[in-house]
Amino acid sequence: MELLHWLESTVGGEFVFTFLVSMIPIVELRGGIPFGVALGLPYPVAFTAAVIGNILPAPFIIVYIRRIFQWMRRRLPRLDGLVDRLEKKASVKGDVVNRYKYLGLMLFVGIPLPGTGAWTGALAAAFLDMPLRKAMPSIIAGVLLAGAIMTGLTSLGVDLFTTVMG
């Protein structure tokens, strides 16, 4: 209970909470920025926490995801369906990224639409055998772009909400 209180009632805790939420697949910073602002963080602080949290898993995904999938297939055959779906998603998304290479990867990560983001971009980069040192700048640029878009949309939403409700 003390940890939850700290996460919700201090700027440091709110930063860490926003950082952690932004690490979650699917949610990523698209949910992390509005979450941080709703907790009470100023926009630049919510942006920073969400960007760092969203970027952090990407290099590990690029480097280790194939080995993790192989391990899952050997040790946890009941999860083969999940691994198949994730590999198929990486392949389908990879076709779009592959067409435009690193610029495509940046735009894929940066346009905040369902099914895009740092997690899926890193998965696609791994399955396209993109080197980490070349894929990460594109992913970082994409996360920064998505963060700027989401911060702008969040501020518009908050302004609209306070105008309507105020």
Given side chains that start at C-beta, do those of W71 and R67 come closer than 4.5 Å, heavy atoms only? no
Value for CZ (F69) from CG (D80), rounded to nearest 0.5 Å, stands at 11.5 Å
Side-chain contact, heavy-atom cut-off 4.5 Å: L107 with L103? yes
Mind checking the CZ-CD1 spacing from R133 to I62? Nearest 0.5 Å is all I need. 12.5 Å
Taking atom CZ of R74 as the centre, does the number of heavy atoms from other residues, nucleotides or ligands within less than 6.0 Å exceed 12? yes
For a quick test of reading the model, state the closest non-hydrogen atom pair linking A58 to A122 and the distance between them. O-CB, 3.7 Å
Can you check whether A118's main-chain N or O pairs, donor with acceptor, with E28's side chain at less than 3.5 Å? yes
Quick one: CG on L20 to CZ on F15, what's the gap to the nearest 0.5 Å? 10.5 Å
Roughly how far apart are L153 CG and I33 CD1, rounded to 0.5 Å? 9.5 Å
Would you call Y100 and L105 a side-chain contact if the rule is heavy atoms closer than 4.5 Å? no
Closest approach of V109 to V143 (non-hydrogen atoms, all atoms of both residues): CG1-N, 3.6 Å
Any donor-acceptor N/O pair, S138 side chain to Y102 backbone, under 3.5 Å: yes
Using side-chain heavy atoms (C-beta onward) and a distance below 4.5 Å, is S155 in contact with Y43? yes
Non-hydrogen atoms of V83 and M72 that approach each other most closely: CG2-CE, 3.7 Å
Would you please indicate yes or no on a ring centroid separation below 6.0 angstrom for F17 and F35? yes
Taking the side chain as everything from C-beta on, heavy atoms only, tell me whether R66 gets closer than 4.5 Å to F127. yes
Of all heavy-atom pairs linking G32 and S22, the shortest is CA-OG, 3.3 Å
Any chance CD1 of I26 has more than 12 other-residue heavy atoms, nucleotides or ligands included, within less than 6.0 Å? no
Considering residues at least two apart in sequence or located in another chain, which fulfil the salt bridge (charged side-chain N to carboxylate O under 4.0 Å, His left out) criterion with E8? none
Rounded distance (nearest 0.5 Å) linking atom CG of L79 with atom CZ of R85: 9.5 Å
Which of these, V51, N54, I139, L29, sits in a side-chain contact (heavy atoms from CB on, under 4.5 Å) with L144? V51
After noting the C-alpha distance and the side-chain angles of I65 and F60, does the key distance pass the side-chain contact (heavy atoms from CB on, under 4.5 Å) rule? CA-CA 7 Å; I65 197 65; F60 298 100; over 6 Å; no
Contact check, side chains of W119 and I24, non-hydrogen atoms, under 4.5 Å: no
Output for pair (F19 CZ, M23 CE), nearest 0.5 Å, gives 5.0 Å
Closest heavy-atom pair and its distance - M130, A135: CB-CB, 4.1 Å
Do I55 and M136 make a side-chain contact, defined as non-hydrogen atoms from C-beta onward lying under 4.5 Å apart? yes
In the structure I gave you, are the side-chain heavy atoms of R30 and T116 within less than 4.5 Å of one another anywhere? yes
